[in-house]
Amino acid sequence: MALIVHKYGGTSVGSVERIKNVARRLEKWHRAGHQLVVVVSAMSGETNRLISLAKEVQSSPDARELDVVASTGEQVTVALLAMALIERGLKAKSYTGPQVHVLTDSAFNKARILRIDEKRIRADLNGGTIVVVAGFQGADEHGNITTLGRGGSDTSAVALAAALAADECLIYTDVDGVYTTDPRIVPEARRLHRITFEEMLEMASLGSKVLQLRSVEFAGKYKVPLRVLSSMTDAGIPLDEEATSGTLITFEENIQMEKAVISGVAFTRDEAKITLTRVPDRPGIAYQILGPIADANLDVDMIVQNISVDGTTDFSFTVHRNEYEKALGVLESKVMNHIGAKEIVGDPKIAKVSIVGIGMRSHVGIASLMFKTLAEEGINMQMISTSEIKISVVVEDKYLELAVRALHKAFGLEQVSA
Ligand code: ADP
Ligand code: ASP
Ligand code: MG
């Protein structure tokens with residue numbers, strides 16, 4: 001008997017029929033003797049609907065109240081799933097995040113889980129009950145409802161698995177695993193049987209939304225065995241087959257044989273670029289520009305400073321697109337009048353494309369193949385950043401899909417056709 005956490009995303013619980021299918025699948029696992037904690041998301045589209053409702057009332061919604069609204073989608077699906085299980089003759093109970101003491105900090109809309117008191121869940125499990133927990137939510141020390149950022153149910157599941165020392169955390173979704181890139185953009189993308197934690201961390205942080213970044217961080221930190229698999233298969237498939245399907249996120253690094261030097265291509269449209277032109281090139285200038293940005297709690301991703309001509313230079317950096325306006329405001333009010341730059345040029349129409357792979361450590365020529373591929377497509381790289389196992393470039397938004405497809409092909413990531 002094992003204790004297993006299952007997580008079902010929005011599409012997987014997107015209709016009553018799908019919820020019933022999840023219940024059939026859970027029954028199979030339960031009858032095989034496993035203890036089950038099930039984390040669910042809101043029905044697909046529901047969280048977006050709730051957030052737009054809030055925005056109709058208040059253009060920039062109060063952060064605390066927004067979490068009260070946004071967290072309600074999950075309260076519906078947990079109860080419906082518990083009912084579907086009870087209907088099948090199983091013992092099941094639904095809980096909201098706060099009811100099972102998911103304690104978070106008070107950063108509304110992007111709270112971090114601090115602790116989970118798992119006693120109540122354990123008591124239910126010991127009594128043979130399937131415990132269904134609302135993902136994406138918790139409460140801070142004052143009892144305020146918080147949410148964990150978009151895609152946060154993944155993190156709820158992994159955090160519960162860590163708190164319960166579960167044997168495995170299975171993330172059921174609408175694709176059958178982690179692919180070499182988003183299969184919606186590149187239909188030739190190939191499913192990876194395994195991917196290392198390190199690579200998955202990079203893929204998630206560079207935009208692959210199949211797992212929320214924090215869920216991967218949590219799983220790595222607490223050594224939670226993690227697998228991504230499909231909820232769209234027939235619920236009746238043999239359990240052994242299901243349990244080994246999908247993609248395993250592994251600590252082993254020795255999986256090179258299975259794949260090319262690069263494991264995947266990630267991308268995001270979530271960033272915006274800001275350039276200050278003709279900045280006087282003197283010591284301390286980067287600090288004078290980015291200090292106030294950091295003080296305003298805004299994260300900077302890439303930074304590029306050109307060589308100086310006539311003692312001045314252009315200085316560019318990227319921020320999250322949601323924080324773009326705020327960053328421009330900070331520069332105008334706190335930076336421009338001190339440093340004597342010519343002007344601020346903002347560009348939200350950018351995209352970042354990255355290649356990721358631990359194979360980069362032992363192979364040369366990866367960057368040059370990436371740059372050659374983009375050059376052949378006539379795509380200009382506006383910014384470049386590298387780390388040991390990834391290379392990211394910023395390109396004009398309209399070239400995103402072309403860049404992803406070209407790189408995916410150039411690095412031999414496509415499916416081998418049968
Ligand atoms: P859920 O609602 O189950 O949490 P998400 O929409 O959050 O599902 O994540 C699954 C989606 O992630 C897939 O439908 C796919 O389009 C997208 N995705 C992006 N990058 C990848 C990738 N590398 N591998 C698989 N799916 C990816
Ligand atoms: N329902 C939330 C969202 O749409 C959380 C999740 O799906 O993981 O972001
Ligand atoms: Mg998700």
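Residue numbers count from 1 along this sequence. Order of listing sets the numbers, starting from 1, for every ligand and every atom in it. Note that this is a predicted model, so its numbers are computed, not measured.
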Point to revise | Stepwise side chain to side chain contact (heavy atoms under 4.5 Å, CB included) test for Val186 and Asp182 | key: CA-CA 6 Å; Val186 183; Asp182 188 341; over 6 Å; no
Review point. Which is closest to atom 14 (O) of ligand 1 in terms of heavy atoms, Arg190, Arg150, Arg191, Arg184?
Key: Arg184
Practice item. Identify the two heavy atoms, one from Ser156 and one from Leu148, that lie closest to each other, and give their separation to 0.1 Å. Key: OG-CD1, 3.4 Å
Exercise for review: With heavy atoms only and a cut-off of under 4.0 Å, state how Thr180 meets ligand 1: side chain, backbone, both or neither.
Suggested key: neither
**Study point:** Residue part near ligand 1, for Val175, under 4.0 Å between non-hydrogen atoms
**Key:** side chain
Check your understanding: Checking Lys273 against Phe317: charged group under 6.0 Å from the ring centre and within 45 degrees of the axis?
Key -> no
Exercise for review: Using distance alone, decide if ligand 2 has a nitrogen or oxygen within less than 3.5 Å of any nitrogen or oxygen in Lys7.
Suggested key: no
Review point. When only distance counts, is Gly151 in polar contact with ligand 2, meaning an N/O pair under 3.5 Å?
Key: yes
Review point. Does the N or O separation between Asp154 and ligand 2 drop below 3.5 Å for any pair?
Key: no
Exercise for review: Return a yes/no value for Lys7: is any of its N or O atoms, backbone included, closer than 3.5 angstrom to an N or O of ligand 1?
Suggested key: yes
Review point. Can you tell me the protein heavy atom closest to atom 3 (O) of ligand 1 and the distance?
Key: Thr173 OG1, 2.6 Å
Review point. Could Glu271 and Arg321 be called an ion pair, given the rule that one side-chain N must be under 4.0 Å from one carboxylate O?
Key: no
Point to revise | Polar side chain donor-acceptor pair, Asp124 to Thr129, under 3.5 angstrom | key: no
Practice item. Please write down residue, atom name and distance for the protein heavy atom closest to atom 27 (C) of ligand 1. Key: Val210 CB, 3.7 Å
Check your understanding: Within less than 4.0 angstrom of ligand 2, does Glu74 place any heavy atom?
Key -> yes
Check your understanding: What do you reckon, does Asp154 have a nitrogen or oxygen under 3.5 Å from a nitrogen or oxygen of ligand 1?
Key -> no
Exercise for review: Look at atom 23 (N) of ligand 1 and say which protein heavy atom is nearest, naming residue and atom and giving the distance to 0.1 Å.
Suggested key: Tyr179 O, 3.0 Å
Review point. Would you say Gly10 contacts ligand 2, with heavy atoms under 4.0 Å as the rule?
Key: no
Point to revise | His34 and Trp29 aromatic ring geometry - parallel, tilted or perpendicular at 30°/60° bounds | key: tilted
Revision key, fill the gap. Of Val178, Asp182, Val40, the residue with the heavy atom nearest atom 17 (C) of ligand 1 is Asp182
Practice item. Would you check the N or O atoms of Asp174, main chain and side chain alike, for any that come under 3.5 Å of an N or O of ligand 1? Key: yes
Practice item. Please write down residue, atom name and distance for the protein heavy atom closest to atom 25 (C) of ligand 1. Key: Gly177 O, 3.4 Å
Exercise for review: Please say whether Met203 places an N or O atom under 3.5 Å from an N or O atom belonging to ligand 1.
Suggested key: no
Check your understanding: How far is atom 2 (O) of ligand 1 from its nearest protein heavy atom, and which residue and atom is that?
Key -> Gly10 N, 3.1 Å
Revision key, fill the gap. When distances are taken from atom 7 (O) of ligand 1, the protein heavy atom at minimum range is Lys209 O, 3.5 Å
Exercise for review: Examine the proximity of ligand 2 to Ser153 and report which part, side chain or backbone, both or neither, has a heavy atom under 4.0 Å away.
Suggested key: both
Check your understanding: To the nearest 0.5 Å, what is the distance between CG (Asp174) and OG (Ser231)?
Key -> 7.0 Å
Point to revise | Donor + acceptor pair across side chains of Thr155, Ser215 (<3.5 Å) | key: no
Practice item. Report the distance from atom OG1 of Thr318 to atom CD1 of Ile303, rounding to the nearest 0.5 Å. Key: 8.0 Å
Check your understanding: Relative to ligand 1, is Pro183 under 4.0 angstrom through side chain, backbone, both or neither, heavy atoms considered?
Key -> side chain
